Number of protein chains: 2
Amino acid sequence: MGGSNEAGWRCHGNLWSNLREICDLLHIQAPVACQDDEVLFQHVRFKAGQRVHTIGQTFDTLYLVNSGFLKTVLIDEYGNEQVLSFPMKGDLLGIDGIHSQHHASEAVALSDCDIILIPYKVFAALGRSHAELEHAMFSVLSRELVREQIMIGMLSALSAEAKVARFLTNLGERFSMLGYSGKSFNLRMTRHEIGSYLGLTLETVSRTLSAFNEMGLIQVDQREITLLDTNALKTLRRLPPAKARAKVTDKVQALVGKKLMPQWSGDAVAA
Amino acid sequence: MGGSNEAGWRCHGNLWSNLREICDLLHIQAPVACQDDEVLFQHVRFKAGQRVHTIGQTFDTLYLVNSGFLKTVLIDEYGNEQVLSFPMKGDLLGIDGIHSQHHASEAVALSDCDIILIPYKVFAALGRSHAELEHAMFSVLSRELVREQIMIGMLSALSAEAKVARFLTNLGERFSMLGYSGKSFNLRMTRHEIGSYLGLTLETVSRTLSAFNEMGLIQVDQREITLLDTNALKTLRRLPPAKARAKVTDKVQALVGKKLMPQWSGDAVAA
DNA sequence: CGAATGATTGAGTGAAATCAAGCCGAGTGG
DNA sequence: CCACTCGGCTTGATTTCACTCAATCATTCG
């Protein structure tokens, strides 16, 4: 809040995409009988900090990210933000508005973004005319649903270290799928936003990143991250729910976890 | 596991529903031009403990709950269950299978259930022929998505007491929408399942219910629950993230919360 | 350059987990 | 029938992980 750009301000871009480009972005195969100029979809640019849609806003269009990084948030009764996701290229925004015709969440640009507008009516009509497209559309919604289910499982079952570790590896995987480096990347969000997303405080996020850095699992410098031992990060699940453990891998995990606890004697601090 | 009925066993029922009945159950208006006998959907009965679908199973049909109570779960790498939802009458199961053509979660009957089978192909075809229906179908998926988003917000921001309180009031609301009593009902799930759903241990769930009972907010006897002060339960949000509070209601909340902490001197224990 | 925002780190606390014991009700079998 | 088990629930004692509060840096920006 308090930024110079308040919600809803849209700078009109001048690019347009056809259906084929939309399908490519969404990773679904375009219908065979697809005339390239059948329909065109407008691009709109958002500056960092601008909102693509706000809570309560009337829903009538879906948003497909063509470039840039965003966050989607819920606002609770005290005005606190709850981060739900960090969409990037190829992600579809605004789905939550279909049900009640009003957006249930808010999408904020974390960097300058190029967003493609897909009017819901056009979206729906395309499904009716192309059977393959309709399935693909249901598929996209279903994928979102599964993603959120996994998120729920992660939130309620994993330790703080495991949450941060998975967050980093997931981010890496998404970057590499987009053609960027999956090992070395730049966080577009603050520690506070990461914490909100993972159900942790910013201090815990910061401490955990520092600990991973100490352990040589990653290299951190502010928002610059390099994953050094992706495997260890992926297998570092949870420490708490020991209960009936026997497997070898588990014992290794426990050890890796324990190493976090002892005070990391400050040797490389304060240059 | 270890029950006499393993997954997949289906006792064929002999009931069938038409499209109008399906739409009623889903709370969507049936298409005006809807011939009642256009398509028929088969009912199938499941006994308590049976699985409607299992993880990894090939997806080809959606399941609509006509009666009974279920849980949907994710299984993690250690074989631990993570409860995702407690579906009941009117809820649609299996959506998560659309994306990958395989179910990502498992649905288990907590009581005897009557389930309506909706072949996905039929479902999709209906959307293409009836425009209103297509929107309604997207709407159902969107509603699921919003529900999960709210779940995520709840998991990462609320205290244990607030989670349990909301769980109870939500359950009450769902029961009253189905025409049952929203004040007095029977939990169909164990403390362990509630805990898994809320990201808590069964002990914490049990303690919290006992505390609410002590405070006169509810009345508990094993799985028999009576909500005595629904309002207090609904407004009992969170205690921890104090940070910048000033409002009157907040102070009241804090007090209500604090009363939980002092040891409840056992007076009514052990008859 | 200060002001502001974000990040790091420390010290102490507290909410919920863990470990552990006992109770209750249902089902089983001698 | 009663002894026995077994799963679910309750409650207590203790531990611990992550939060809170607080101070200090780093970086950006007006």
Side-chain angles (χ1 to χ4, degrees), chain A residues 1-4 48-49 110 156-164 187-196 198-214 220-225 238-245 257-258 260-271, chain B residues 1-4 49 156-164 187-196 198-214 220-225 238-245 257-258 260-271:
Chain A
M1 36 184 84
S4 55
L110 295 178
S156 56
L158 297 188
S159 67
E161 295 87 31
K163 286 178 183 177
V164 176
L187 296 177
R188 300 324 204 279
M189 63 295 283
T190 67
R191 303 288 193 261
H192 180 75
E193 286 161 343
I194 297 173
S196 169
L198 297 175
L200 302 171
T201 59
L202 65 140
E203 292 98 330
T204 300
V205 173
S206 179
R207 271 186 248 276
T208 307
L209 289 176
S210 297
F212 287 169
N213 189 57
E214 283 300 301
V220 207
D221 176 36
Q222 297 290 112
R223 302 210 179 164
E224 209 51 61
I225 299 275
R238 40 147 111 169
L239 336 177
K243 186 169 284 187
R245 295 290 185 76
K258 286 303 175 194
L260 285 173
M261 290 305 90
Q263 79 296 350
W264 32 80
S265 47
D267 53 6
V269 206
Chain B
M1 36 184 85
S4 56
S156 56
L158 297 188
S159 68
E161 295 87 32
K163 285 179 184 176
V164 175
L187 297 177
R188 301 319 204 286
M189 63 295 282
T190 68
R191 304 287 193 263
H192 181 75
E193 286 161 344
I194 297 173
S196 169
L198 297 175
L200 303 172
T201 60
L202 66 141
E203 292 98 328
T204 300
V205 173
S206 179
R207 272 186 247 275
T208 307
L209 289 176
S210 297
F212 287 169
N213 189 57
E214 284 300 301
V220 206
D221 175 36
Q222 298 290 110
R223 302 213 179 162
E224 210 48 64
I225 298 276
R238 41 145 114 171
L239 337 175
K243 186 169 282 184
R245 297 290 184 77
K258 285 304 175 195
L260 284 174
M261 290 304 91
Q263 79 295 350
W264 34 81
S265 48
D267 54 4
V269 207

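Every value quoted in this text rests on a predicted model; they were computed, and no experiment measured them. Lettering follows sequence order; numbering is per chain, from 1.
- Among the nucleotides C:dA17, D:dC19, D:dT10, the one closest to the side chain of B:T204 is C:dA17.
- Rounded to a whole Å, the CD1 atom of A:I194 is 8 Å from the P atom of C:dA7.
- Taking atom CZ of B:F212 as the reference point, atom C1' of D:dT10 lies 16 Å away to the nearest angstrom.
- Under 4.0 angstrom from either OP1 or OP2 of C:dT9 there lies at least one side-chain N or O belonging to A:S210.
- Residues A:D221 and A:A160 each lie close to DNA chain D; by heavy-atom proximity, the contact nearer the 5' end of the strand is made by A:A160.
- Taking atom CG on B:L158 and atom P on C:dA16, their separation rounds to 11 Å, with Å as the unit.
- To the nearest 0.5 Å, atom CZ of residue A:R191 and atom CG of residue A:L202 are 9.5 Å apart.
- The separation between A:H192 atom NE2 and C:dG6 atom C1' is 11 Å, rounded to whole Å.
- Note on B:L209: nothing from the nucleic acid sits closer than 4.0 angstrom, heavy atoms only.
- In this model, a side-chain donor or acceptor of B:E203 finds a partner on the base of C:dC19 within 3.5 Å.
- An OP1 or OP2 oxygen of C:dT8 is reached within less than 4.0 angstrom by a side-chain nitrogen or oxygen of A:R191.
- Between B:T204 atom OG1 and B:I194 atom CD1 the span is 12.5 Å, to the nearest 0.5 Å.
- The distance between atom CD of B:E224 and atom P of D:dT10, rounded to the nearest whole Å, is 13 Å.
- Regarding B:Q222, its CD atom lies at a distance of 16 Å from the P atom of D:dG7, rounded to whole Å.
- Considering all non-hydrogen atoms of both residues, A:S156 and B:S196 come closest at OG-O, 4.1 Å.
- In this structure, B:V164 and B:L200 have side chains that are in contact, with non-hydrogen atoms separated by less than 4.5 Å.
- A:L198 CG to A:L158 CG: the interatomic distance, rounded to the nearest 0.5 Å, is 9.5 Å.
- Among the heavy atoms of the strands lying under 4.0 Å from B:G199 are primed sugar atoms or P, OP1, OP2 only; no base atom is included.
- Proximity of A:R223 to the phosphate of C:dG6: no side-chain N or O atom is located under 4.0 Å from OP1 or OP2.
- Put simply, B:T201 has a side-chain N or O that comes within less than 4.0 Å of OP1 or OP2 on C:dA17.
- When each of A:V205 and B:V205 is assigned the nucleotide of DNA chain D bearing its nearest heavy atom, the one mapping closer to the 5' terminus is B:V205.
- The base of D:dC17 has none of its N or O atoms less than 3.5 Å from a complementary donor or acceptor on the side chain of A:E161.
- The interatomic distance linking A:L202 (CG) with D:dT24 (P) rounds to 18 Å, in whole Å.
- Picking from C:dA16, D:dT10, D:dA13 the nucleotide with the shortest atom distance to the side chain of B:R207 gives D:dA13.
- Per the geometry, CD belonging to B:E214 stands 12 Å off C1' belonging to D:dT11, to the nearest Å.
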